[in-house]
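Numbers restart at 1 for each chain; the letters A, B, ... are given by sequence-line order, proteins then strands. Everything numeric in this text was worked out from a predicted model, so none of it was measured.
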Amino acid sequence: MEAKKIVDALRQALIEEMERDENIVLLGEDIAVFGGGYRVTEGLLDMFGEERVKDTPISEIAITGAAIGAAMTGLRPVLEIQFNDFLACAMDQVCNQAAKVRFMLGGQVKIPLVIRAPVGATGRAAQHSQSLEAWFMHTPGLKVVFPSTPYDAKGLLKTAIRDDNPVMFFEHKLLYGAASPGGKAKTAVDDLNEAFKPAPEEDYTIPFGIADIKKSGNDVTVVATGFMVHRCIKAAQKLGEEGIDVEVIDPRTLVPLDKTTIIRSVEKTGRIVIVSEDVLTCGVASEISAVVAENALFYLDAPVKRVSVPDTPIPFAPVMEQAVLPQEEQIIQEIKSVVYRGI
Amino acid sequence: MDKETALFMYKKMVQIRKFEEKLYQLFLTRPMPGSMHQYNGEEAVAVGVCAHLNKDDYVTSTHRGHGHCIAKGVEINGVMAEMFAKKTGCCKGMGGSMHIADFSVGMLGAIGIVGAGIPIAAGAGWTCKYRGKGQVSVAFFGDGAANEGAFHEGINLAAVWKLPVIFVCENNVYGFSTHYRRTMAIENIADRAAGYGIPGMVVDGMDVKEVYAESGKAVERARKGGGPTLLECKTYRFMGHSRFEKSAYRTKEELEEWKKRDPIKLFEEFLLKDMKLKRQELDEIGADVDREIEESVSFSERSPDPEPDDYKKYIFA
């Protein structure tokens with residue numbers, strides 16, 4: 001059956017890959033008996049047994065380190081970190097070990113490791129709401145993946161599992177589409193349009209470093225990641241009614257980053273707005289801005305615009321949380337601010 | 001212990017000692033890249049444990065890793081050339097003293113972050129258990145690492161998953177400059193094993209016979225599915241923490257006291273008195289090792305430097 005939600009697409013990818021290669025093992029907090037905080041691994045314990053689907057202690061250092069040690073010696077672990085915020089506990093293992101072991105040892109070893117982690121703000125205050133992709137973009141030796149559709153999620157996860165390098169695989173909570181066992185999880189998937197492309201039940205992979213143009217247009221380039229892709233598509237549709245033709249690009253992988261597609265688009269439109277859910281300073285949008293400034297400055301007809309969370313932790317009260325996240329109306333205004341014509 | 005094993009271990013200990021002494025001399029007499037942390041005085045630990053290991057067993061090591069590499073069977077030429085940052089080094093000049101590894105003999109690498117190798121060794125142990133071929137994994141670490149979160153988390157994980165891992169704490173009294181009595185409120189790190197539900201043993205880390213005996217039991221238990229063990233080997237480093245560090249935090253008397261129990265001297269006494277070996281046999285081993293070390297230096301001198309952009313090959317597989 002085709003997967004209409006990211007949770008199902010990811011599960012399909014895991015199942016297909018685990019059936020293909022018995023060296024693929026899963027570990028993480030509450031992933032086996034409980035089925036995962038966001039239900040991605042639901043049912044996999046029964047399918048593959050406890051040697052391949054392992055609940056772990058709440059020990060982010062140990063489970064990340066153990067996943068690295070297993071990857072160094074021939075297994076292909078897929079580690080779930082329950083919230084990407086908890087990666088802070090495992091930073092040495094991720095950034096000093098996983099990212100550098102192959103390098104320091106002169107290429108003697110491969111680290112076929114995937115670390116999956118949910119990102120995004122859904123009313124859980126500052127320690128369960130961050131989007132930390134940029135931390136890992138800043139550490140050479142890691143690949144960074146962030147899908148926005150079921151189709152991309154499945155194809156990219158399969159590529160990540162087959163990759164011989166550590167891959168940070170970020171998943172946006174509002175795009176999973178799964179109900180939590182305790183009730184209905186907050187989700188945005190019911191309001192998304194055909195851009196939220198389902199994953200077919202077949203074996204396919206999506207190569208890293210190839211951006212996807214989710215909507216083509218001629219007036220302004222919008223680069224967006226994760227949930228923001230969908231917010232930007234909606235904004236683009238409204239702006240279309242006003243005669244502004246927006247191109248929406250989803251990089252899909254931040255490392256490697258498909259600079260070419262972004263630069264070509266800016267050469268065509270002369271304008272760029274970058275929308276991301278991480279914080280502004282040294283963020284995803286900062287890096288893409290720099291790429292555009294270095295490679296396409298003389299094509300620009302307006303300043304580069306970043307729309308990200310201002311430099312603040314995510315506040316709890318819904319009214320404040322929504323105030324710091326890029327909203328559709330704000331995105332529309334920011335796009336309008338760069339599409340002025342003639343001077 | 002049979003004669004063959006005894007002589008094998010003796011030679012390994014002498015290799016480590018002479019390798020370290022040569023390095024010290026090299027650092028004093030010529031510009032050598034980087035720094036180093038030397039293993040003199042602790043030889044009995046690496047050698048006593050690794051004598052039980054096969055090529056396909058795994059070891060993780062520390063910033064003080066030269067001894068573990070030699071004990072696990074890494075070619076001395078490769079280790080020395082890595083110290084010289086040469087292309088022929090076992091890590092092709094990418095790691096240096098703190099990151100020596102050789103996967104062909106199960107040496108997963110010296111790791112420069114204190115305690116970080118403990119969960120990685122647990123993960124290697126997971127692979128061993130998953131394959132079910134009786135392999136084991138060993139984590140070497142110091143007394144300082146025993147206060148890292150990685151120690152607690154890694155040993156607990158190995159205990160609850162019953163992984164075939166031997167956790168070998170080399171308590172050499174000082175974490176850099178700080179005495180273990182100033183960093184923990186217990187005398188024996190091995191006592192912590194009880195908190196993980198695994199066996200813990202205090203071992204005389206200057207006596208290779210005792211290390212060999214106790215680690216043998218731990219390795220055997222792990223191979224048979226009995227899970228991990230924590231061995232605390234009481235030992236002492238004869239050199240400073242790093243390169244020319246002068247150890248002002250400890251007394252000469254303390255150092256001399258420990259040197260009376262130099263692990264190589266102790267083992268020589270045993271070999272001569274109890275195993276009736278002749279002095280000449282031991283001297284010949286020493287002379288062989290001297291030649292081997294000299295050859296490793298000249299091999300390193302002859303070896304080419306890496307190309308300036310070689311690093312680009314190793315960021316991603």
Select one option (side chain, backbone, both, neither) describing which atoms of L142(A) are under 4.5 Å from chain B's heavy atoms.
backbone
Are more than 12 heavy atoms, taken from residues, nucleotides or ligands other than I186(B), located less than 6.0 Å from that residue's CD1 atom?
yes
Is there a side-chain contact between P119(B) and L157(B) (heavy atoms, below 4.5 Å)?
no
Step by step, would you call Y39(B) with I70(B) a side-chain contact (heavy atoms from CB on, under 4.5 Å)?
CA-CA 11 Å; Y39(B) 198 65; I70(B) 293 171; over 6 Å; no
Candidate polar pairs, chain B side and chain A side, donor-acceptor under 3.5 Å:
residue : atom : partner : partner atom : Å
C90(B)  : O    : Q108(A) : NE2          : 3.0
K92(B)  : NZ   : G106(A) : O            : 3.3
G95(B)  : N    : M104(A) : O            : 3.2
A101(B) : O    : Q108(A) : NE2          : 3.0
F103(B) : N    : Q108(A) : OE1          : 2.9
A116(B) : O    : Q93(A)  : NE2          : 3.1
P119(B) : O    : A66(A)  : N            : 3.4
T127(B) : OG1  : A70(A)  : O            : 3.4
T127(B) : OG1  : T73(A)  : OG1          : 2.6
Y130(B) : OH   : E22(A)  : O            : 2.5
Y130(B) : OH   : R52(A)  : NE           : 3.4
R131(B) : NH2  : T73(A)  : O            : 2.3
E153(B) : OE1  : E60(A)  : N            : 3.4
E153(B) : OE1  : I61(A)  : N            : 2.8
E153(B) : OE1  : A62(A)  : N            : 2.8
A317(B) : N    : N165(A) : OD1          : 2.6
A317(B) : O    : N165(A) : ND2          : 3.4

Counting only non-hydrogen atoms closer than 4.5 Å, does I111(B) touch chain A with its backbone (N, CA, C, O), its side chain (CB onward), both, or neither?
side chain
Reported CG-to-CD1 distance for the pair L230(B) and I189(B), which is rounded to 0.5 angstrom
8.0 Å
Step-by-step side-chain contact (heavy atoms from CB on, under 4.5 Å) determination, L14(A) to I161(A)
CA-CA 9 Å; L14(A) 289 173; I161(A) 290 171; 4.0 Å; yes
So, the side chain of E20(B) versus the backbone of Q38(B): is there a donor-acceptor pair under 3.5 Å, distance only?
no
If I take atom CG from residue N77(B) and atom OG from residue S298(B), how far apart are they, to the nearest 0.5 angstrom?
8.0 Å
L10(A) vs F169(A), side-chain contact (heavy atoms from CB on, under 4.5 Å): CA-CA, chis, key distance, verdict:
CA-CA 11 Å; L10(A) 294 171; F169(A) 197 95; 3.7 Å; yes
Ring pair (Phe, Tyr, Trp, His ring centres under 6.0 Å) filter on F146(A), not counting sequence neighbours, yields none
Taking only heavy atoms into account, what residues of residues 220-229 of chain B are found under 4.5 Å from chain A?
none
Counting heavy-atom pairs closer than 4.5 Å to chain A, which one of G95(B), A116(B), A150(B), G112(B) comes out on top?
A116(B)
Assert top hit (heavy-atom pairs under 4.5 Å, partner chain B, pool V25(A), I111(A), I68(A)) equals V25(A)
Interchain contact, A121(B) with chain A, by part (heavy-atom threshold 4.5 Å)
neither
When rounded to the nearest 0.5 Å, the distance separating CG of L157(A) from CD1 of I206(A) is 10.5 Å
side-chain contact (heavy atoms from CB on, under 4.5 Å), that's the test. Do F176(B) and T178(B) meet it? Break it down for me.
CA-CA 6 Å; F176(B) 193 157; T178(B) 308; 5.9 Å; no
Among G107(A), G141(A), P166(A), which has the most heavy-atom pairs under 4.5 Å with chain B?
G141(A)
Holding to ring pair (Phe, Tyr, Trp, His ring centres under 6.0 Å), I want the full list of residues that pass it with F170(A), two or more places apart in sequence or in another chain.
F136(A)
